[in-house]
Amino acid sequence: MNAPLDGSGAGTEGGAGPAPESVVDPRLEGVLQAARPQGLLPAHAQAPEDASRPWPVVLLTALGAWLAALPLLGVVGMLLGDLMNRSAGPYIVGALLLTGAVVVLRSRGVALFVEQLALPVLLVGAGALGVGLFRDAGVGGGAALLGCVALAVARVVPAAWLRVLLGVAVAVLWAVAVTPQRWDLGPGASLQAWWVSWHLLLVVWLGATVALQRGQGGRAAAALESLAAGAGLALLVGLALWSGMTFLVAGTLGGGPGAEIGRELGWRSATSAGGLGMQVLSALLAAVGGGVAVRRWPGLRQPPYLGAAGVLVALAALMPSLGATLLLLALTVTSGRHRLAGAAALSAAWIVGAFYYQLAWPLGHKALMLAGAGALLAMLAGWAMAKRRGVEEAAASAAPPSPVASAASEGAGVPAAPVARWARAGIALSLIAILAVANLGIRAKEALIRDGQPVFVELAPVDPRSLMQGDFMRLNFDIPGEPEERRTGLLRRQRPHVVAVRDERGVARLLRIADGQPLAAGEMQIELTPKDGRWTLVSDAWFFAEGQAQRWEKAKYGEFRVDAEGRALLVGLRGAALEAL
């Protein structure tokens with residue numbers, strides 16, 4: 001065979017100099033040796049030569065090429081800047097740069113450095129073309145046309161990894177194109193529009209997948225496979241981000257840029273529950289995914305697996321973006337696309353965790369529902385393992401192991417029993433690690449409650465219309481300084497502190513934002529927490545049991561515990577005379 005078995009187009013394209021020594025995977029060589037005597041492959045079939053370059057060499061060369069490309073592109077920009085301002089200028093510049101980059105990427109024997117130089121040229125060409133398209137065709141039309149250009153480029157470039165990235169670009173651009181007007185990720189209707197956009201793209205992705213499975217596409221099948229991988233990855237990320245921030249991630253990100261991204265996602269969690277139609281379609285997609293898995297893997301036609309599928313369908317009915325993710329997971333894992341299947345599993349876990357922040361549900365109900373689903377899945381997994389052990393024991397007692405099975409077991413090098421023991425040990429260690437982390441966090445909070453100084457901070461007025469929202473109360477504190485000053489530095493690594501002084505009752509008066517100067521006698525500092533683009537004390541909400549709004553509406557002070565380093569914890573609310581509520 002002169003080409004790789006998977007048709008990925010890997011080989012000596014784009015390389016210069018002698019090819020590196022071929023290294024054949026022993027597992028692939030074993031498959032070839034077994035297939036030749038059976039006539040599945042011709043007698044002269046050989047494993048493809050691996051002429052790929054070592055990734056450290058590619059990475060260092062790419063870094064040098066990108067650094068060299070920056071001044072080069074600057075010179076080109078100065079020379080062609082006047083042309084960009086004319087009506088047809090962006091199209092001319094974009095077409096020239098895209099054509100040159102594609103020619104270099106398709107050339108055989110080109111040096112690796114020159115090949116990497118073509119990548120920034122490709123990006124600049126697409127950007128120049130996008131300027132003209134978005135200017136003349138609007139957001140939707142420009143995104144659709146630029147996505148078609150990316151699709152055409154992906155069809156002709158030989159590198160599979162570049163086609164994957166172009167597939168991501170195509171999916172994102174087309175998602176923008178089919179989203180009606182409100183494409184800025186704003187609240188309300190725009191979220192539903194984005195949900196529709198991602199599901200329309202899911203239909204396109206399913207069509208491409210069906211074409212690949214039926215052998216359609218011919219020589220373009222390799223390019224279509226890479227494009228579908230990139231588009232599927234974009235779909236999974238889009239569905240996960242649509243669902244909002246997942247469980248406890250925002251709290252572990254601290255005060256850096258990651259936390260800011262988490263908060264931007266978190267505010268959408270309350271509005272992403274969706275309507276009845278979205279929930280029904282999500283459940284249907286999850287059911288279709290289960291049907292695909294059962295059809296392709298008949299071994300799943302057992303009560304435990306069918307029960308697990310029912311639990312997932314029920315969860316998908318509550319989480320509108322979970323059904324499409326489960327369908328992608330079923331299609332990828334049963335077709336051997338393990339990397340994309342791993343991304344789908346991660347996306348599904350993210351979406352389930354995001355349900356924790358759905359404010360339309362009381363916290364206790366969400367916890368019971370998720371815990372119940374987890375317990376039911378665990379019982380079904382135990383049932384499936386018990387049935388499998390019973391079948392294996394029955395088969396072992398009925399007949400001795402065949403020579404082929406013995407040889408396969410010896411060739412694998414790892415008997416089945418130790419694998420099971422290691423799996424159980426891994427699960428046990430993971431459970432211990434989770435409990436340890438949770439208990440360490442609880443212990444730190446309990447120490448702060450026990451040893452921290454009691455501090456009472458007066459609540460500032462808030463909009464009465466948003467004071468009580470379901471099972472939480474909106475809090476606000478009068479942080480000193482102008483709003484612009486409070487918003488400054490949200491992306492810095494360390495959180496700022498506010499300087500305060502307490503009276504004899506423990507009521508703190510907030511004086512100023514700490515600027516690094518030594519504190520005066522009687523002063524203390526309290527760490528601030530970023531919330532919705534501003535700084536606040538610990539939290540901007542107080543959660544309580546449903547039906548207890550009248551109890552907490554008399555609150556005038558927030559009760560905190562503060563340690564020597566300024567870390568604070570909100571432990572309660574107090575009335576006008578500091579009485580407990």
(request) Report yes if the side chains of C148 and W174 come closer than 4.5 Å at any heavy-atom pair, otherwise no. (result) yes
(request) Work out which heavy atom in L370 is nearest to a heavy atom in V352; give both atom names and the distance. (result) CD2-CG1, 4.1 Å
(request) Drop me the distance from W195's CH2 to W242's CH2, to the nearest 0.5 angstrom. (result) 7.5 Å
(request) Side-chain contact test, heavy atoms from C-beta onward, threshold under 4.5 Å: evaluate it for R296 versus L331 and give yes or no. (result) yes
(request) Indicate yes or no: at least one non-hydrogen side-chain atom of L235 is less than 4.5 angstrom from one of T325. (result) no
(request) Compare all side-chain heavy atoms of L570 with those of L537 and state whether any distance is below 4.5 angstrom. (result) no
(message) Less than 4.0 angstrom from a charged side-chain N to a carboxylate O is my criterion; do R337 and E225 meet it?
(response) yes
(message) Restricting to non-hydrogen atoms, name the atom on H199 and the atom on L239 that form the minimum distance, rounded to 0.1 Å.
(response) CE1-CD2, 3.9 Å
(request) Answer yes or no: is there a side-chain heavy-atom contact under 4.5 Å between L528 and T536? (result) no
(request) Determine whether the aromatic ring centres of F477 and F560 lie less than 6.0 Å apart. (result) yes
(message) Evaluate W297 against T334 for side-chain contact (heavy atoms from CB on, under 4.5 Å), listing each step before the verdict.
(response) CA-CA 7 Å; W297 289 351; T334 57; 3.9 Å; yes
(request) Could you grab the distance from atom CD1 of I351 to atom CG of L315, nearest 0.5 Å is fine? (result) 11.5 Å
(message) As an exercise, state the distance from CG of D563 to CG of L448, rounded to the nearest 0.5 Å.
(response) 5.5 Å
(request) Please determine if E559 and R574 form a salt bridge, counting it only when a charged side-chain N lies under 4.0 Å from a carboxylate O. (result) yes
(message) I'd like to check V333 versus L340 (side-chain heavy atoms, cut-off strictly below 4.5 Å). Are they in contact?
(response) no
(message) Consider side-chain contact (heavy atoms from CB on, under 4.5 Å). Of V204, L206, L200, which one does L202 pass it with?
(response) L206
(request) Answer whether the closest heavy-atom distance between the side chains of M369 and F355 falls below 4.5 Å. (result) yes
(request) Hey, could you give me the CG/OG1 distance between L328 and T332, rounded to the nearest 0.5 Å? (result) 6.5 Å
